[in-house]
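Remember, predicted model here, so these are calculated numbers, not experimental data. Below, read A as the first sequence line, B as the second, and so on, with proteins coming before strands; counting in each chain starts at 1.
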Amino acid sequence: MNWMAKPRFGGTATATARPPAKPGPATTAAAPGTSVRVSNGLKEFLWLISDVRNGRILDLGQVSQATLTFFIEKGYRVSTEDFLRSWKEFLSAEEERMRMAPVGEEMDKISQAILAEKFLETSLQYPEGSFHGVLAWDLFDYFDAELMPRVMDRLYTLLHPAGSVLALFHSRPAERFHRYRVVDAQSVELLPAPTLAVHARVFRNREILDLFGKFRSSKTFVGRDQLREGLFLK
Amino acid sequence: MWSKSAEGKESSQAPQATALDPVTPKVASPSVMAASPVSASAITTPAPGASSTISAGLRIHGEISGTGDLYIDGEVQGSVRFGQSKVTVGPHGRVQADIEAREIVIEGTVQGNLKAAESVRLGGTSHVQGSLMTPRVAIEDGARLRGKVETTRAGELKRGAAAGQAKSAEVPATAPVTATKE
């Protein structure tokens, strides 16, 4: 199929920050510090899944009424899993467990790799090919080196053939921790939130491509607000 | 690049879901049930329309069903079927059960699937692990959901709930809870 021939969603070609939008019926009043950015990545993501009947979306950010409503009204089924929060809670629980364990008992066997494996035994547990799209937001900026490739492998497995992932990457260390929600077909709202995790790394473009090396193709959109959007097609 | 396969590329379905305005859940003044250990069979509800409460400190294992509204601020394990009524899980409520009702409001913790004939509302302090099946869903900021959201046509689950209630009479009170993962 010639993807250039397919009608696109409208909008500008560059990602720009703009003032918070008026809350629609599906959103609550904008909190101080929120901003709405034009998202060409989202626009492309929607275009890629636009013809899928009964498509399924996995949102790995904080559950949001606006995002849910947006996709449900378009006929998609949405699964949500606040992945970063789950990971942090898992680490806290493991730390607590280790603290309570008798001295010397299996403590030397714990490594980041083992923790990542153990975490994924209970997270992202869906059948293969379940989703036509995954909203990963900026999660990868916060993962450690052991968790990242394992999550990537799992996401690849969970994606339907020709499914796509929308991910965001900061071009410099994030000053604030944000949550994201979809405002409309070409806008994403950034919501300042209590810091859940420390920004772990700034990806270079080559590292992003390597991370998504299994994927068939990719597109990157660079915004003026130091946020890059990546769209990766299985 | 970016080419789409022909598979599954039909037009999307017409939307069924509508968003609810965020409103603080209103719960009728609850009647308090006994604080001593109670078996599931002892849980009864008053006249239709009235509400019952499983208050904080009360722990129930088994199947709970009825016609009045139910407010849960204690712990419930098993299943909750109030097909024609409203079920509210209060901020202290901890439910490990599937919930079926006309309207479901969650402020506490639920591990189980939620099926509502009219709407599901997740409050800002809610923590739900399980699927939502409902025509309308409202999620306040701060709510936590791990699971899928499926919208149904209004009334679709009412018919299902009626059938389910007829069936549930045959289920022992200690029937195990269905796994909540997708």
Has [X] got more than 12 heavy atoms of other residues, nucleotides or ligands less than 6.0 Å from its [atom1]?
| X | atom1 | value |
| --- | --- | --- |
| B:H92 | NE2 | no |
| A:E175 | CD | no |
| B:R94 | CZ | no |

Output the option from A:S86, A:G55, A:S123, A:S64 having the highest count of non-hydrogen pairs under 4.5 Å with chain B.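 Highest number of pairs under 4.5 Å: A:S123.
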
Value rounded to 0.5 Å, distance of [atom1] in [X] from [atom2] in [Y]:
| X | Y | atom1 | atom2 | answer |
| --- | --- | --- | --- | --- |
| B:R146 | A:Q125 | CZ | CD | 8.5 Å |
| B:K148 | A:T80 | NZ | OG1 | 12.5 Å |
| B:D141 | A:Q62 | CG | CD | 7.0 Å |

